[in-house]
Amino acid sequence: MRSLTTVLSLLCSLYTLSTSAQTACNGHPELCTRQYSNITSIGTHDSAFVGLLPQDNQDVSVPDQLDAGIRFLQAQTHKDFLGTLSLCHTSCLEKDAGPLSSYLSTVKTWLDANPNEVVTILLVNGDNVNISMFDDAYTFSGLKTYAYTPPTSSLALSAWPTLQEMISAGTRLVAFLDTGAAPSVPYILDEFTYFFETPYDTTDPTFPECTINRPPGLTTADGRMYIVNHFLDLDLDGIDIPDDVADNTTNAATGVGSIGAQADVCIGLYGRAPWGVLVDYFDQGDVFTAQNALNGLS
Ligand SMILES: *[C@@H]1O[C@H](CO)[C@@H](O)[C@H](O)[C@H]1NC(C)=O
Ligand SMILES: *[C@@H]1O[C@H](CO)[C@@H](O)[C@H](O)[C@H]1NC(C)=O
Ligand SMILES: *[C@@H]1O[C@H](CO)[C@@H](O)[C@H](O)[C@H]1NC(C)=O
């Protein structure tokens, strides 16, 4: 009897040891067994445009965004005057945050140093360039070595691997492109095969809606993850500029204009949480409380 108790208590302490030593995935052990398609991430809208000018959207660098816990990066590309694919806002005259390959290199360096993290990059192909230019940037930066390639050309929501499976396989980078993806580059995934997006250019600070805005003509949420555009614009006589002063309430977990309130509208419509919520100046407000709540984590 005594030996049985000893064995049991030994098993108990082994169990405690193994769970406490359990590896976290994207900061939370609970996320390891969750499918990629079933996790909500706050994303940095225009992650490369760092500064305080109207054409900027964030105030810390991409590595600092990742260090803070951001796992979903969105960025806009255009060709600069030399023809290099670069992170530019509307045009490279307005804001040029440097070559895409440099941006991707910083993410590669960060993934090298953080082996239990899965990161998603969503790029906008602003000049509608050939997919080969994106392939070149991913290849040159080395980030391609981490890229996840689905086993079939269009993966069902229920077929995505878990974070732990992606980490174990070393495929911890998921690359999406809004237009121009092609089967010739199978690791750069077509955004709108996998997602729909809610409207952007929102100027109503209560964010009252969660309608399907893109892809055009889509009428059902079924089968796709979805991205909520949760950044507020100020309408200045017909010209929209980011409403940065409001970011601390826009990016809140609760209350009017908050992430949680808009996500509730979405969940009411679609029965599941957004996969991604894009915000400006993610560090104003309290985005991670909202993210954890949507993931059922405290
Ligand atoms: C992109 O370029 C490749 C060769 O460089 C070509 O085969 C392909 O058709 C081009 N794709 C588009 C969509 O123009
Ligand atoms: C948000 O920031 C503005 C401008 O700095 C400030 O006036 C306001 O009190 C802040 N609101 C909250 C909820 O922190
Ligand atoms: C993940 O699945 C749970 C359980 O079905 C659901 O409540 C939640 O909204 C899902 N989250 C996402 C991002 O799909």
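Note that the structure is a prediction, hence the values are computed from the model and not measured. Numbering of ligands and ligand atoms starts at 1, following listing order.
Each of the following atoms of ligand 3 lies closer than 4.0 Å to a heavy atom of T40: 13 (C).
In this structure, the side chain of S168 engages the main chain of Q164 through a donor-acceptor pair within 3.5 Å. No side-chain donor-acceptor contact under 3.5 Å links N38 to the backbone of R34. Between the side chain of H230 and the main chain of G257, a donor-acceptor pair closer than 3.5 Å is present.
Across D283, D247, D244, D64, a single residue satisfies side chain to side chain contact (heavy atoms under 4.5 Å, CB included) together with D59, and that is D283. The ring pair (Phe, Tyr, Trp, His ring centres under 6.0 Å) test with Y148 is passed by exactly one of Y36, W160, Y194: W160.
Note: F196 and Y226 have parallel aromatic rings, judged against thresholds of 30 and 60 degrees for the angle between ring planes.
Contact shell of ligand 1 (protein heavy atoms, cutoff 4.0 Å): N130.
Any N or O atom pair closer than 3.5 Å counts here, and R272 shares no such pair with ligand 3. When only interatomic distances are considered, the shortest N/O to N/O separation between P274 and ligand 3 does not fall below 3.5 Å.
Side-chain N/O atoms of D46 and Q58 include no donor and acceptor closer than 3.5 Å. A side-chain donor from one of T211 and E209 sits under 3.5 Å from a side-chain acceptor of the other.
Using a 4.0 Å heavy-atom cutoff, G296 is absent from the residues neighbouring ligand 3. Within the structure, ligand 3 has S37 among the residues with a heavy atom less than 4.0 angstrom away.
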